[in-house]
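See structure below.
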2 protein chains.
Amino acid sequence: MWLTVDPRSSTPMYQQIIADVKERIAKDILAPGSRLPSIRELAVDMTINPNTIAKAYQELEREGVIEVVRGKGTFVTEKREGPSPAASAADLRELLTKVLVEAHHKGVAFADVSRELEDLILHWSGSATDE
Amino acid sequence: MWLTVDPRSSTPMYQQIIADVKERIAKDILAPGSRLPSIRELAVDMTINPNTIAKAYQELEREGVIEVVRGKGTFVTEKREGPSPAASAADLRELLTKVLVEAHHKGVAFADVSRELEDLILHWSGSATDE
DNA sequence: CTATGTGTATTACTCTATATAGTACACATA
DNA sequence: TATGTGTACTATATAGAGTAATACACATAG
């Protein structure tokens, strides 16, 4: 199965699809320019409604992650331009703050979070040097 | 105003309250043992329904973040026991993965994420050595 | 005991988001 | 022309969020 999703999760299925595709692209499992399964294909494969896939694809296109060619299919965007660097920094900071808050309430030392991040980066997409 | 929330956000208000309280505790702005505003107090202050506050407080108690004493009020839990360290590690890894995926699609280098995290830890709760 | 202030519980209602279902359209290409 | 793309639209069902109003159980200051 190309993609799986948990229908009983609290996070909507279309958002799970979005997150999954973005993660594969970030890990270079989905290379830029490569083609994604068609909406109907995926719908049959995942046994969910085509509209749900369409919603995910539309959001991904809106974010510039994929590109759509009418009548042909959807493809991973070749070249990306980063949004405003300032906005990126703010968003990143917000995400990392959430991580530290969660770590605190789980009793995980901040140093361990730092170590974990380093480790993740090191083994990203099977020891590939991303970014 | 003790707490503010965005009613038009896609994340529910009661979840915003939860996140805010947890962040303040993690940053030691809310010390263990200190009292939180009463449900009705906060409801008037924030001009939202008491049920919404109650829902947030109940979830925070379920997580062991705060403690409730009937007829007296709600207080920040004094001593915490970390959950299973294994589960914590897995959750942390998942959160950090999300961060890296977001960073990738924003065109932020992983090294910068690492630096940003170090910086956040360093200035956590106004240069206090947490954890 | 009484009054007041805690959190809790319950019921009813509205609104929005999610997901499904079915149909129709526009474009590309073999 | 037939088939496979994504898109658009309407209708329906379900779940979650939020409000509203009321009642209950407990603690404590008068």
Side-chain angles (χ1 to χ4, degrees), chain A residues 1-22 25 30 33-78, chain B residues 1-22 25 30 33-78:
Chain A
M1 184 130 28
W2 197 81
L3 206 168
T4 58
V5 122
D6 181 9
R8 304 184 312 169
S9 167
S10 61
T11 64
M13 292 193 288
Y14 82 95
Q15 282 184 22
Q16 293 182 49
I17 297 172
I18 292 172
D20 200 286
V21 169
K22 288 171 81 173
I25 294 174
L30 272 178
S34 63
R35 186 178 176 279
L36 274 68
S38 80
I39 287 179
R40 292 174 180 81
E41 237 176 6
L42 246 190
V44 172
D45 188 45
M46 302 172 66
T47 60
I48 68 175
N49 196 281
N51 294 340
T52 305
I53 318 278
K55 191 171 184 179
Y57 277 18
Q58 283 163 7
E59 173 62 15
L60 283 168
E61 192 199 16
R62 201 190 59 79
E63 293 183 27
V65 176
I66 63 179
E67 279 171 350
V68 161
V69 189
R70 301 250 292 193
K72 297 192 68 175
T74 71
F75 307 84
V76 178
T77 301
E78 293 279 2
Chain B
M1 188 131 25
W2 198 82
L3 207 169
T4 57
V5 123
D6 182 9
R8 304 184 312 169
S9 167
S10 61
T11 65
M13 290 193 290
Y14 82 96
Q15 283 184 21
Q16 293 182 48
I17 297 173
I18 292 172
D20 200 285
V21 169
K22 287 171 82 173
I25 294 174
L30 271 179
S34 63
R35 187 176 176 280
L36 275 67
S38 80
I39 288 180
R40 293 175 180 80
E41 234 175 8
L42 246 191
V44 172
D45 188 44
M46 301 172 67
T47 60
I48 67 177
N49 196 282
N51 294 340
T52 305
I53 317 277
K55 193 172 185 179
Y57 277 18
Q58 282 163 9
E59 173 64 15
L60 283 169
E61 191 198 19
R62 201 190 60 78
E63 292 183 28
V65 177
I66 63 179
E67 279 171 350
V68 161
V69 188
R70 302 249 291 194
K72 298 193 67 177
T74 71
F75 306 84
V76 178
T77 301
E78 292 279 4

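Letters A, B, ... are given to chains in the order of the sequence lines, protein chains preceding strands, and every chain is numbered from 1.
Both distances falling under 3.5 Å, in either a Watson-Crick or a G-U wobble arrangement, place dA17(C) opposite dT14(D). Look at dA30(C): its Watson-Crick or wobble partner, with both distances under 3.5 angstrom, is dT1(D).
A donor-acceptor pair under 3.5 Å links the side-chain atoms of Thr77(B) to the main chain of Val65(B), judged by distance alone. Under a 3.5 Å cut-off, the side chain of Asp20(A) and the backbone N or O of Leu3(A) do not form any donor-acceptor pair.
Within the 4.0 Å cut-off from OP1 or OP2 of dG18(D), not a single side-chain nitrogen or oxygen of Tyr14(B) is found. Here Gln15(B) reaches the OP1 or OP2 of dA17(D): one of its side-chain N or O atoms lies under 4.0 Å away. Here Lys55(A) reaches the OP1 or OP2 of dT18(C): one of its side-chain N or O atoms lies under 4.0 Å away. Applying the 4.0 Å criterion to OP1 and OP2 of dA17(D), one finds that Thr52(B) has every side-chain N and O outside that range.
Comparing Ser38(B) and Met13(A), the nucleotide of DNA chain C nearest to each residue sits closer to the 5' end for Ser38(B).
Evaluated for a side-chain contact (heavy atoms from CB on, under 4.5 Å) with Phe75(A), the options Ile66(A), Val68(A), Val69(A) yield exactly one hit, Val69(A).
Of the candidates dA8(D), dA20(D), dG18(D), the closest approach to any side-chain atom of Asn51(B) belongs to dA20(D). You'll find that the side chain of Pro12(A) is closest to dT18(C), out of dT8(C), dT7(D), dT18(C). Checking dA19(C), dA21(C), dT7(D) against every side-chain atom of Asn49(A), the shortest atom distance belongs to dA21(C).
Put simply, the side chain of Met46(A) does not reach to within 4.5 Å of the side chain of Thr52(A), judged on heavy atoms. Taking 4.5 Å as the limit, some side-chain heavy atom of Ile18(B) sits within range of a side-chain heavy atom of Lys22(B). Contact check for Ile48(B) versus Ile17(B): side-chain heavy atoms found under the 4.5 Å cut-off.
Across all strands, Glu67(A) comes closer than 4.0 Å to no nucleic acid atom at all (heavy-atom distances). Note on Gln16(B): nothing from the nucleic acid sits closer than 4.0 angstrom, heavy atoms only. Note on Arg35(A): only backbone sugar-phosphate atoms sit closer than 4.0 angstrom, heavy atoms only; bases stay farther off. Within the nucleic acid shown, Thr74(B) comes within 4.0 Å of sugar-phosphate atoms alone, with no base atom in reach, counting heavy atoms only.
Here the P atom of nucleotide dG5(C) and the OH atom of Tyr57(B) are 17 Å apart, to the nearest Å. Per the geometry, CD belonging to Gln58(B) stands 11 Å off P belonging to dG7(C), to the nearest Å. Per the geometry, CD1 belonging to Ile48(B) stands 17 Å off C1' belonging to dC15(C), to the nearest Å. Nucleotide dA30(C) holds its P atom 9 Å from the NZ atom of Lys72(A), rounded to whole Å. Remark: P of dT14(D) and CZ of Arg8(A) are 18 Å apart, rounded to the nearest angstrom. At whole-Å resolution of the value, CG in Asp6(A) and P in dA19(C) are 11 Å apart. We find that CD1 of Ile53(A) is positioned 13 Å from P of dT5(D), with the value rounded to whole Å. Atom CZ in Arg70(B) sits about 8 Å away from atom P in dA27(D), given to the nearest Å.
Looking at Arg40(B), its side chain comes within 3.5 Å of the base of dG7(C) through a donor and an acceptor atom.
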